[in-house]
Every structure is written in C-alpha cells, then in structure tokens.
> 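Here's a structure for you.
In this text the structure is predicted, and so the values were computed from the model without any measurement. Values below: all heavy atoms of this structure, side chains included; hydrogens, waters and symmetry mates excluded.
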Amino acid sequence: MIMDKIDRSILLLLQKDGKITIKEIAERLNLTTTPIFERVKKLEREGYIKSYKAILDRKKTGLQLMVFCNVTLNLHQTDYLKKFEKDIQQFPEVVECYHVAGMFDYLIKIYAEDMERYQDFLSNKLASLENISKVQSSFVMTEVKDFSYLPIP
C-alpha cells in the first residue's frame, strides 16, 4: 500500500485522538465520510493501525516512579536471549523492553509505585531470572517530552 497525504493526515489525527469520529476526520480534511471510513479500514487491514487504546496518567494510577533499566546478560546465544525475552514479559511492571546494541543488551522501561516497590521488583523478580550479569537503573526525575504518537513524514 502506498500512503498519500490524506492517509498520513488520517493517521496523525487518529494518533492524537483515538476517539475522533469518521465524521470529524472527514470535516477536518474536507472530504465525505465514506472515503474516510474506507481509508481507515484499509489502514487497519494493512497493519498501519495496530490498535486503539486509552493512554492513562501513570501518576494518577499510583505509579510515581519511572525507571529505565539496562540489563547485560552473561551468555548471548539465541536460546538465552529468547528465554530472557520470554521471562521478562511475565512482569507487569515492565511496560517496554528492547534488545539493543551497545554497552548493554536490553533496555527496559519499568513503572513502580515507589522506590520500595522497585527494589522489591529488582530483588525478587528481575534478579530471579537466569543469565543476568549486570543491571543498571536510571530513575526519571522529569518527563521532558512524552508523545505517544509517531511523526509521520
């Protein structure tokens, strides 16, 4: 599928407000609802739109602490990487996990209620995983920019 300017505009509008209606999109783009509806369905079918969800305020839900955790593994064979990736998914505190190149193997984003809960997570959950060599935690002091949408070219 080749995206045009209208498709890009639709994606930008949906990213900024997942509850925007087809009618509202059509009005903003000076089109009728039928072609907008068809384009949205096509963008969904083609996988450009993965899902629709609500973005919650983590602090209002009690998650005061955001931590970026760098994890280095002892062994790097495929089986060990896959096992770590499978195991890390069992922890609800882990909201994002990336296999990265560089000084460490994984970058993990974690939300916790407070430092005590993070320490519990670190000591009783993360440390229980096999093959971990090193863990380095960075605590977020201020969220400078937190956009949850892609800058579509």
Side-chain angles (χ1 to χ4, degrees), residues 1-22 24-25 36 39-153:
M1 175 181 162
I2 298 173
M3 287 198 318
D4 62 14
K5 184 178 177 180
I6 295 170
D7 293 324
R8 286 178 174 77
S9 296
I10 291 169
L11 290 175
L12 285 170
L13 289 168
L14 284 170
Q15 282 188 105
K16 290 179 182 177
D17 181 3
K19 290 180 71 174
I20 191 170
T21 66
I22 297 294
E24 290 170 319
I25 296 172
I36 296 297
R39 283 174 179 263
V40 169
K41 290 301 170 196
K42 186 173 183 180
L43 290 164
E44 290 171 350
R45 275 193 316 274
E46 295 290 329
Y48 287 90
I49 300 171
K50 291 170 54 173
S51 68
Y52 297 90
K53 52 183 108 173
I55 299 170
L56 307 180
D57 183 316
R58 71 173 173 83
K59 289 182 180 177
K60 288 187 179 185
T61 63
L63 300 170
Q64 301 299 317
L65 189 63
M66 181 192 308
V67 183
F68 287 96
C69 187
N70 302 324
V71 175
T72 303
L73 302 182
N74 284 314
L75 303 168
H76 297 92
Q77 288 88 356
T78 303
D79 290 346
Y80 291 106
L81 298 175
K82 288 184 187 222
K83 176 149 180 35
F84 175 82
E85 290 171 9
K86 179 180 175 268
D87 290 346
I88 201 70
Q89 292 185 41
Q90 70 183 313
F91 304 132
E93 298 91 344
V94 175
V95 295
E96 297 176 28
C97 178
Y98 304 96
H99 186 195
V100 296
M103 302 283 293
F104 46 89
D105 299 315
Y106 289 91
L107 174 63
I108 303 169
K109 183 177 182 181
I110 300 159
Y111 289 140
E113 292 156 314
D114 52 35
M115 188 62 77
E116 185 178 336
R117 301 289 174 144
Y118 177 68
Q119 183 180 4
D120 181 63
F121 164 79
L122 199 58
S123 301
N124 297 314
K125 292 183 177 181
L126 192 60
S128 72
L129 299 182
E130 298 174 24
N131 195 34
I132 292 181
S133 167
K134 182 179 168 186
V135 174
Q136 180 181 1
S137 302
S138 297
F139 302 96
V140 174
M141 295 171 39
T142 305
E143 292 178 53
V144 177
K145 182 177 180 182
D146 180 21
F147 287 143
S148 56
Y149 55 87
L150 301 176
I152 299 171

> side-chain contact (heavy atoms from CB on, under 4.5 Å) with V71: which of D105, L107, I108, I88?
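Looking at D105, L107, I108, I88, the match for V71 under the side-chain contact (heavy atoms from CB on, under 4.5 Å) is I108.
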
> Treating Q89 as the side-chain partner and K86 as the backbone partner, does any N or O pair qualify as donor plus acceptor under 3.5 Å?
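Pair absent, no side-chain N/O of Q89 close to backbone of K86.
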
> May I ask you to check whether over 12 heavy atoms, not counting those of F104, lie within 6.0 Å of atom CZ?
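For F104, atom CZ is crowded (more than 12 foreign heavy atoms under 6.0 Å).
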
> Can you confirm whether Q119 is buried at CD, in the sense that more than 12 heavy atoms of other residues, nucleotides or ligands lie under 6.0 Å from that atom?
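Counting neighbours around CD of Q119, 12 or fewer heavy atoms of other residues, nucleotides or ligands fall under 6.0 Å, so no.
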
> If we only count heavy atoms from C-beta on, is the M1 to L43 side-chain gap below 4.5 Å?
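The answer is yes, as the side chains (C-beta and beyond) meet within the 4.5 Å cut-off.
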
> I'd like to know if the side chain of T61 pairs up with that of Y111 as donor and acceptor (distance under 3.5 Å, no hydrogens or angles considered).
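No, Y111 and T61 have no side-chain donor paired with an acceptor closer than 3.5 Å.
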
> Any side-chain heavy-atom pair from I10 and M3 closer than 4.5 angstrom?
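A side-chain contact is absent here, since even the closest heavy-atom pair is not under 4.5 Å.
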
> So how far is it from E85 CD to Y98 OH, rounded to the nearest 0.5 Å?
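Interatomic distance, E85 CD to Y98 OH, rounded to 0.5 Å: 13.0 Å.
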
> To the closest 0.5 Å, what do you measure between CG (L65) and CD1 (I110)?
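One finds 9.0 Å between CG of L65 and CD1 of I110.
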
> How about CD on E116, more than 12 heavy atoms from neighbouring residues, nucleotides or ligands closer than 6.0 Å, or not?
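Result for CD/E116: open.
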
> With a cut-off of 6.0 Å (strictly less than), are more than 12 heavy atoms of other residues, nucleotides or ligands near NZ of K125?
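Enclosed.
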
> Say you draw a straight line from CG of D87 to CG of L129; how long is it, rounded to the nearest 0.5 Å?
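If we round to the nearest 0.5 Å, D87:CG and L129:CG are 5.0 Å apart.
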
> Quick one: does N131's side chain get under 4.5 Å of Q77's, heavy atoms only?
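Not touching, per the 4.5 Å side-chain cut-off.
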
> Between F121 and V94, which heavy-atom pair has the shortest distance, and what is it?
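Here F121 and V94 meet closest at CZ-CG2, 3.7 Å.
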
> Look at the side chain of R58 and the backbone N and O of L63, then say whether any donor-acceptor pair between them is shorter than 3.5 Å.
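Yes, the answer is positive, given that a donor and an acceptor are paired below the 3.5 Å cut-off.
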
> Are L81 and Y106 packed together at the side-chain level, in the sense that at least one heavy-atom pair is separated by less than 4.5 angstrom?
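Yes; the side chains approach each other to less than 4.5 Å.
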
> Considering only heavy atoms from C-beta outward, does the side chain of Y80 approach that of N74 to under 4.5 Å?
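With C-beta onward as the side chain, the pair stays apart.
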
> Could you pull out the closest heavy-atom pair between S133 and L73, with the gap in Å?
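Scanning both residues, the minimum pair turns out to be CB-C, 3.8 Å.
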
> Would you check if D114 and Q64 make a side-chain contact, meaning some heavy-atom pair closer than 4.5 Å?
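Heavy-atom side-chain distance check fails, nothing below 4.5 Å.
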
> In Å, rounded to the nearest 0.5 Å, how long is the span from CZ of F84 to SG of C97?
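Reported to 0.5 Å precision, the distance equals 5.0 Å.
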
> How long is the straight-line distance from CD1 of I152 back to NZ of K5, given to the nearest 0.5 Å?
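K5 atom NZ to I152 atom CD1 measures 14.0 Å (nearest 0.5 Å).
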
> Using 0.5 Å steps for rounding, measure from the CG atom of D7 to the CD1 atom of I36.
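With rounding to 0.5 Å, CG (D7) is 8.5 Å from CD1 (I36).
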
> I'd like to know if K59 pairs up with E143 as an ion pair, taking the criterion as any Lys NZ or Arg NE/NH1/NH2 lying under 4.0 Å from an Asp or Glu carboxylate oxygen.
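Salt bridge flag = no for E143 with K59.
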
> Are the side chains of R39 and I6 in contact, using a 4.5 Å heavy-atom criterion?
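Heavy-atom side-chain distance check passes, below 4.5 Å.
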
> Answer whether the closest heavy-atom distance between the side chains of I25 and L14 falls below 4.5 Å.
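A side-chain contact exists here, since the closest heavy-atom pair is under 4.5 Å.
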
> Do E44 and K41 sit within salt-bridge range, that is, some charged N less than 4.0 Å from a carboxylate O?
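Salt bridge between E44 and K41, a charged N being under 4.0 Å from a carboxylate O: yes.
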
> Testing the basics here: between L13 and I20, what is the closest heavy-atom pair and its distance to 0.1 Å?
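Heavy atoms only, the tightest pair is O-CG2, 4.2 Å.
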
> If you count every heavy atom of other residues, nucleotides or ligands that lies below 6.0 Å from E130 atom CD, does the total exceed 12?
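No, because the 6.0 Å sphere around CD of E130 holds 12 heavy atoms or fewer from other groups.
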
